[in-house]
There are 2 protein chains.
Amino acid sequence: MIKFSLCPRYELAFELLGKKWTGLIIRCLLDGPKRFSDLTDIIPHISAKVLADRMKELEHQGIIIRSVYPEIPVKIEYSLTEKGRDLEKALEQVQQWAEKWIIIKQKKSE
Amino acid sequence: MIKFSLCPRYELAFELLGKKWTGLIIRCLLDGPKRFSDLTDIIPHISAKVLADRMKELEHQGIIIRSVYPEIPVKIEYSLTEKGRDLEKALEQVQQWAEKWIIIKQKKSE
DNA sequence: TATTATACTTACATAAAGTTATTAAGAAAT
DNA sequence: ATTTCTTAATAACTTTATGTAAGTATAATA
């Protein structure tokens, strides 16, 4: 009997997507390049520490590019590479799934 | 200027998918119902502790169903609900992305 | 001199995940 | 009767990841 097994590339993909915040960061950047402070504004509750960690990992994985503009104060912009932009379809499907299935719990009024 | 913001349902979706192992567990179950020991066999390096935690969460979120068959020894089978099966398209896109972009580092043959 | 701004870093605390040993229930073997 | 086997976990403990709060560097402005 032939046993099912996972694809190693898929496993590696989820070493990225399976980390907290990664899916949200990439989603933000699909909207266009963003600065560090844009990301902390847009992503609720992410801390500077973890955002910095995540950006380093994503840059290391070739998913984002960090561009430095020597303005005053310095402007640093993060943008997606082709590899990063190519995640759009996958994240769009997550979005569609979420719209169909995720229920937002309302707080009781009163 | 209208500011971009994340969709709350999408954020909640990534509270699931953004956890370690979740994407792999669901991928396994898309292949068909599986037992606890099947999952530990198929998913490399997952521990019983975390698998048990994850299965409880996924059951709680209505993504999987836990069925008990009172055989000897007991047989417990996990299967996807419609909500869970509906993640197939999203995970397929992750798979395609992974096949295109993820490079597997070979160990030097020497 | 003190304050503002951006993009972080540092030290410390808590939460999540990993490791190893153990449990429960029932059957079967010794 | 006691040990052994099986599945599906759980318990105690260690390590890693994430969260929190404060601090740093640079240069301009008040």
Side-chain angles (χ1 to χ4, degrees), chain A residues 1 3-4 6 11-26 28-29 32-61 63-80, chain B residues 1 3-4 6 11-26 28-29 32-61 63-80:
Chain A
M1 179 209 185
K3 221 186 78 181
F4 168 74
L6 288 167
E11 285 178 47
L12 289 166
F14 265 100
E15 281 186 30
L16 289 170
L17 295 175
K19 281 196 173 176
K20 199 164 178 183
W21 306 113
T22 304
L24 306 189
I25 293 166
I26 296 171
C28 282
L29 295 177
K34 296 275 177 292
R35 306 175 66 163
F36 194 92
S37 57
D38 294 332
L39 293 169
T40 55
D41 289 349
I42 295 166
I43 303 171
H45 309 304
I46 196 170
S47 70
K49 176 186 183 285
V50 178
L51 180 57
D53 288 355
R54 219 45 96 241
M55 296 317 266
K56 275 177 202 149
E57 290 172 18
L58 291 173
E59 194 188 2
H60 184 74
Q61 295 297 324
I63 288 173
I64 64 174
I65 287 168
R66 181 180 185 274
S67 309
V68 181
Y69 300 93
E71 303 172 6
I72 306 290
V74 67
K75 176 177 171 180
I76 289 167
E77 216 173 52
Y78 294 97
S79 51
L80 292 172
Chain B
M1 178 209 188
K3 220 186 80 181
F4 168 74
L6 288 167
E11 285 178 47
L12 289 165
F14 265 101
E15 280 186 30
L16 289 170
L17 294 175
K19 281 197 173 177
K20 199 163 177 185
W21 305 114
T22 304
L24 306 189
I25 293 167
I26 296 170
C28 283
L29 294 178
K34 297 274 176 292
R35 304 176 67 162
F36 193 92
S37 57
D38 294 333
L39 293 169
T40 56
D41 289 350
I42 295 167
I43 303 172
H45 309 303
I46 197 171
S47 70
K49 175 186 183 286
V50 179
L51 180 56
D53 287 355
R54 222 40 99 239
M55 297 317 266
K56 274 179 202 149
E57 290 171 17
L58 291 172
E59 194 188 3
H60 183 74
Q61 295 296 326
I63 287 173
I64 63 174
I65 287 168
R66 181 180 187 273
S67 309
V68 181
Y69 300 92
E71 302 172 6
I72 305 293
V74 66
K75 176 177 172 180
I76 288 166
E77 215 174 54
Y78 294 97
S79 52
L80 292 171

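The sequence lines fix the lettering, A, B, ..., with proteins before strands; numbering per chain opens at 1.
- Put simply, CD1 on A/Ile46 is 14 Å from C1' on D/dT20, counting in whole angstrom units.
- Considering only side-chain atoms of A/Ser37, the nucleotide from C/dA7, C/dC8, C/dG18 that sits closest is C/dA7.
- Across the protein-nucleic acid pair, B/Lys75 atom NZ and D/dA9 atom P stand 14 Å apart, rounded to whole Å.
- At least one donor-acceptor pair closer than 3.5 Å links the side chain of B/Lys34 to the backbone N or O of B/Gly32.
- If you measure from atom CD of B/Glu71 to atom P of C/dA28, you get 14 Å, rounded to the nearest angstrom.
- Computed from coordinates, the B/Glu57 CD to C/dA17 C1' distance equals 12 Å when rounded to whole Å.
- The listed nucleotides are D/dT18, C/dA17, C/dT9; the one nearest the side chain of A/Arg54 is D/dT18.
- Among the atoms of the strands shown, base atoms are found under 4.0 Å from some heavy atom of B/Lys49.
- The side chain of A/Ile72 lies closest to D/dA28, out of C/dA7, C/dA17, D/dA28.
- Here A/Tyr69 lies out of heavy-atom contact (under 4.0 Å) with every strand.
- In the set C/dT19, D/dT10, D/dT18, D/dT18 carries the atom at the smallest distance from any side-chain atom of A/Val50.
- Note on B/Lys56: a side-chain N or O is less than 4.0 Å away from OP1 or OP2 of D/dT10.
- If you measure from atom CG of B/Leu51 to atom C1' of C/dG18, you get 13 Å, rounded to the nearest angstrom.
- Here D/dA9 is the nucleotide among D/dA9, D/dT6, C/dA17 with the atom lying nearest to any side-chain atom of B/Arg66.
- Checking the phosphate oxygens (OP1, OP2) of C/dT6, no side-chain nitrogen or oxygen of A/Arg35 falls inside 4.0 Å.
- A/His45 places its NE2 atom 17 Å from the C1' atom of D/dA21, with the value rounded to the nearest Å.
- Counting to the nearest Å, the P atom of D/dT7 and the OH atom of B/Tyr78 are 14 Å from each other.
- For C/dA17, neither phosphate oxygen OP1 nor OP2 lies less than 4.0 angstrom from any side-chain nitrogen or oxygen of B/Lys19.
- Closest contact between the side chain of B/Ile76 and the listed nucleotides C/dA7, D/dA8, D/dT18 involves D/dA8.
- Closest contact between the side chain of B/Trp21 and the listed nucleotides C/dG18, D/dA9, D/dT7 involves C/dG18.
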